[in-house]
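This report concerns only the one structure given below.
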Amino acid sequence: MQKVRTRIAPSPTGDPHVGTAYIALFNRCFAKQNEGEFILRIEDTDQARSTAKSEQDIFAALRWLGVDWSEGPDVGGPFGPYRQSQRSSLYQEQIEVLLDSGHAFHCFCTAQRLTDLRNQQMADKTTPGYDGHCLHLSKEEIAQKLADEQEYVIRMQVPAEGECRFEDMLRGEIAINWQQIDMQVLMKSDGLPTYHFANVVDDHFMEISHVIRGEEWINSTPKHLLLYQYFGWQAPVFCHMPLLRNPDKSKLSKRKNPTSINYYRDMGYLPEAVVNYLGMMGWTMPDGRELFTIDEMTDNFDLMRVSLGGPVFDVEKLDWLNGKYIRERLSDTQFMQLFAQWAFDEQKMAQIIPLLKDRVERFSDVVPLAGFFLSGLPEISAESFVHKQLNEEQMRKILQFTLWQLENGTDLSRDAVEQECVRLAAYCGFKIRDFLFPLFVAITGKAVSTSVIDAISIIGIDVSRARIRAAIGILGGISKKETKTLEKDFRDFAQSAE
RNA sequence: GUCCCCUUCGUCUAGAGGCCUAGGACACCUGGUUUUCAUCCAGGCAACAGGGGUUCGAAACCCCUAGGGGACGCCA
């Protein structure tokens, strides 16, 4: 029997996501349970959005949770490199194979033509997709266009009719009509492969036996299967997991729920509790135990026990579980050490101390002044926001604009945050001191405190976001209508900056 | 809009045709322990989406409807 090899293939384009950890956890349990390997591959074919920092954060976050891998960009392995940006020559070679066999073709269509086409199809209420415009270009025409250095992509051929049937480990047979499948771009005009292409090529050469991934991929599985067929390769077994959900059942998103693993770390959750919680999303121990370690999960794992309804990520239950871990699984000494590690992180303290030194007369002043650095959400109410110049609506706007601006920028240094706040204040027509007031209350819990700009920079985007959002809620929340107005206004601001 | 997936308490789930007057956990409520609170303990509330079949028997199998979600990018 073929050796079981599974993988997690995150793209390093943002915060380490709990959904990534969730899928990684199940892949790892399945592989280990079958005495196979679990590998990590970085899918960084999106040049514009991939960052080294994000990649590092993903490594750190998964390691923090104890979801480790036996092959990957950082640890190496026999099937490397494990970063797609370093495998370009392989994709070039493989695309030639498809070009030669006629399963792929050059497409010189402009972005504008494709946009018009899509709009037209939408208006006609037909399935949007490529119309095959470049399909019938002759060899000479193609050679001429290439010689002229016209921009092009390479697309895959797709059967015009019939349907693709495949077996999903959990869902049984799934049938999708080929007419639903677009002539997917395989190689982008920047010469890099798209996910669909790189993923199939890599899974093959890395000898991945089981692809366990989110259910969002079901509809593109036919494309992948078709590629395996074109290449004459054995396709892996597919298994589509349910998606983690927001409380309103939509796909988990940071607008509605904290999704960054860093948030849970920064809020003082234990990694054992977080990973345990993820393990009970769609899965239960055979004996019904709710508290289990990742090793216990691995030992008792059975992929077939996964239930398919999309589980709502319920922070309240996670809180309970985390409390249980703290109470039952931590000795006093461990508690002391872990808490100290969490609270007195040296890098963090080095930033905080200078802010405090000028303002304290005794050490006993420190906690009242700086306690907000360690608390989750400050204890504030509507009264905390009473202000002479600003009403609630204005404060909601300030908070929301600041949040959007913080999320836009990648730079959360104190100077960058300050600059953004000054610009926003000017745009909104507020004095900076008035502008900062709601931020002081939201972030530090008080109108008077150490620099709120430094605080945001130190606390980080994840916890800052949670606090700002909580504050907006206390201020009455933002209605759908208000959101629209604000979004428009914010776009104007963003444009004015350019 | 088209296609695909899903559907047991508010939430996470048990349930592989009779063991189901549907079990556990979170949340919530009540009571007990505790100088307060929390913990802990005891109890309570609360669900098979609807309709048709199949079957001696259906939460489980099939079909239809409804609801939810996802996909439809030179993002992954």
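Order of the sequence lines fixes the chain letters, A, B, ..., with proteins taken first and strands second; residue numbering starts at 1 for each chain. All values below come from the heavy atoms of this structure, side chains included, with hydrogens, waters and symmetry mates left out.
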Partner of [N] by Watson-Crick or G-U wobble geometry, both contacts under 3.5 Å, or none?
N	value
B/rU2	B/rA71
B/rU54	none
B/rG43	B/rC29
B/rG17	none
B/rA49	B/rU65

Sugar-phosphate, base or nothing in reach of [X], heavy atoms under 4.0 Å:
X	result
A/Ser250	sugar-phosphate
A/Arg118	sugar-phosphate
A/Ala48	nothing
A/Thr45	sugar-phosphate
A/Gly214	nothing
A/Gly288	nothing
A/Ile174	sugar-phosphate
A/Met281	sugar-phosphate
A/Val153	base
A/Cys109	base

Please determine, by modelled atom types, if [X] and [Y] share a side-chain donor-acceptor pair under 3.5 angstrom.
X	Y	value
A/Glu37	A/Ser70	yes
A/Thr284	A/Arg305	yes
A/Asp266	A/Trp342	no
A/Tyr263	A/Asp15	no
A/Asp248	A/Ser250	yes

Distance between [atom1] atoms of [N] and [M] (Å, rounded):
N	M	atom1	value
B/rA14	B/rA47	C1'	13 Å
B/rG43	B/rC37	P	22 Å
B/rC19	B/rA76	C1'	47 Å
B/rU8	B/rA60	P	12 Å
B/rG31	B/rA71	P	48 Å
B/rC62	B/rG23	C1'	27 Å
B/rU11	B/rA46	P	16 Å
B/rC26	B/rU35	C1'	30 Å

Between A/Lys249 and A/Gln180, which is nearer to the 5' end of RNA chain B once each is assigned its nearest nucleotide?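 Checking each residue's closest nucleotide, the 5'-ward one belongs to A/Gln180.
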Let me spell it out: for each of A/Gly282 and A/Glu173, pick the nucleotide of RNA chain B with the closest heavy atom. Which residue's pick is nearer the 5' end? A/Glu173
Examine [N]: is either OP1 or OP2 under 4.0 Å from a nitrogen or oxygen in the side chain of [X]? Give yes or no.
X	N	result
A/Thr284	B/rU13	no
A/Lys188	B/rG73	no
A/Thr194	B/rA76	no
A/Lys251	B/rA71	yes
A/Arg305	B/rG15	yes
A/Arg327	B/rC40	yes

How close or far is atom [atom2] of [N] from atom [atom1] of [X], stated in whole angstroms?
X	N	atom1	atom2	value
A/Asp287	B/rG15	CG	P	12 Å
A/Lys324	B/rC41	NZ	C1'	12 Å
A/Asn177	B/rC72	CG	C1'	14 Å
A/Gln84	B/rC74	CD	P	17 Å
A/Glu290	B/rG23	CD	P	16 Å
A/Met304	B/rG15	CE	C1'	16 Å
A/Leu252	B/rC12	CG	C1'	14 Å
A/Met156	B/rG73	CE	P	14 Å

What do you reckon, are the aromatic ring centroids of A/Phe301 and A/Trp283 less than 6.0 Å apart?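 Centroid distance A/Phe301-A/Trp283: below 6.0 Å, so yes.
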In Å and rounded to the nearest 0.5 Å, what is the CG to CH2 distance from A/Leu318 to A/Trp320?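 Nearest 0.5 Å value for the CG-CH2 distance: 11.0 Å.
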Name the closest nucleotide to the A/Tyr195 side chain, picking from B/rC5, B/rG73, B/rA76. B/rA76
Between B/rC74, B/rA25, B/rC6, spot the one nearest the side chain of A/Trp320, thanks.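 For A/Trp320, the side-chain atoms sit closest to B/rA25.
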No-H, no-angle donor-acceptor pair, A/Lys317 side chain to B/rA27 base, under 3.5 Å: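 It does not, because no donor-acceptor pair links the side chain of A/Lys317 to the base of B/rA27 below 3.5 Å.
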Cationic tip of A/Arg155 above A/Tyr130 ring, under 6.0 Å, 45° of axis: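 Yes, A/Arg155 lies over the aromatic ring of A/Tyr130.
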Can you label the angle between the A/Phe166 ring and the A/His240 ring as parallel, tilted or perpendicular, going by 30° and 60°? perpendicular
